[in-house]
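Have a look at the structure below, then the notes.
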Amino acid sequence: MKKNGIINSELVRVIAEMGHKDGLTIADCGLPIPEKVERVDLSLTKGYPKFLEILKAVLNDLVVEKAILAAEIKEKSPKLEAKIKKMLPDIEIEYIPHTEFKKETNNSRAVVRSGEIIPYANIILISGVDF
């Protein structure tokens with residue numbers, strides 16, 4: 001049995017298989033997930049598990065060099081944006097329109113679906129290297 005960190009076997013595998021510049025999307029419960037992209041569905045009920053809980057766990061296991069957010073988060077969910085930025089103090093954050101964000105998920109290694117219902121609770125993490 002795994003001693004620490006993420007215990008969801010699908011998510012552990014996806015993170016372990018990621019290489020430099022691969023993307024991993026963590027999404028709210030409403031973000032459309034492209035058919036060709038692997039889905040790791042952690043949602044249980046509306047609101048659970050929370051987006052930030054999943055983000056925190058993933059950040060403990062994944063080297064991240066960049067994050068992408070929908071620009072609309074600034075206006076629609078500024079408190080969530082502030083919490084995300086606090087969790088990523090030294091990480092470059094790029095903002096793109098939500099319509100572009102949805103297209104960009106096509107390039108993700110996988111989309112992790114949360115139960116989150118806060119608008120624009122979505123992020124694409126771009127993996128880095130740690131030698």
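Residue numbers start at 1 and run along the sequence shown. Note that the coordinates shown come from a computational prediction; the quantities given were computed from them, not determined experimentally.
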Which atom of [X] lies closest to which atom of [Y], heavy atoms considered:
X      : Y      : result
Pro32  : Pro34  : O-CD, 3.8 Å
Gly23  : Ile126 : CA-CD1, 4.1 Å
Leu88  : Ala67  : CD1-CB, 3.8 Å
Ile117 : Cys29  : CG2-SG, 3.9 Å
Glu116 : Ala121 : CG-CB, 3.5 Å

Inset, instruction - Apply ring-ring contact (aromatic ring centres under 6.0 Å, His included) to Tyr120 and list each qualifying residue two or more places apart in sequence or on a separate chain. - result: His98
Legend entry - Residues Arg39, Glu10; criterion side chain to side chain contact (heavy atoms under 4.5 Å, CB included); working and verdict: CA-CA 9 Å; Arg39 173 191 304 244; Glu10 290 177 77; over 6 Å; no
Any side-chain to backbone donor/acceptor pair from [X] onto [Y]? Under 3.5 Å, distance only.
X      : Y     : result
Glu100 : Pro97 : no
Ser114 : Ser43 : no
Lys102 : Leu31 : no

[X] with [Y], same ILVMFWY side-chain cluster at under 4.5 Å:
X     : Y      : answer
Ile93 : Ile54  : yes
Ile84 : Val112 : yes
Ile26 : Ile73  : yes
Val58 : Leu69  : yes
Leu80 : Ile124 : no

How long is the gap from [atom1] on [X] to [atom2] on [Y], to the nearest 0.5 Å?
X      : Y      : atom1 : atom2 : answer
Glu94  : Lys66  : CD    : NZ    : 3.5 Å
Leu42  : Leu11  : CG    : CG    : 6.0 Å
Ser127 : Lys21  : OG    : NZ    : 8.5 Å
Glu35  : Asn106 : CD    : CG    : 10.5 Å
Lys85  : Glu81  : NZ    : CD    : 5.0 Å
Asn122 : Glu104 : CG    : CD    : 13.0 Å

Inset, instruction - From the options Leu24, Leu125, Val37, Val14, select the one residue that forms a side-chain contact (heavy atoms from CB on, under 4.5 Å) with Arg109. - result: Val14
Inset, instruction - Test Phe51 against every option in Asp28, Ile118, Ile123 by the side-chain contact (heavy atoms from CB on, under 4.5 Å) rule and name the one that passes. - result: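 In the set Asp28, Ile118, Ile123, the residue that makes a side-chain contact (heavy atoms from CB on, under 4.5 Å) with Phe51 is Ile123.
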Inset, instruction - Carefully, step by step, assess Ile33 and Thr25 under the rule side chain to side chain contact (heavy atoms under 4.5 Å, CB included). - result: CA-CA 10 Å; Ile33 300 173; Thr25 300; over 6 Å; no
Inset, instruction - Mark yes when over 12 heavy atoms from residues, nucleotides or ligands other than Lys2 sit less than 6.0 Å from its NZ; otherwise mark no. - result: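 More than 12 heavy atoms, drawn from other residues, nucleotides or ligands, come within 6.0 Å of this atom.
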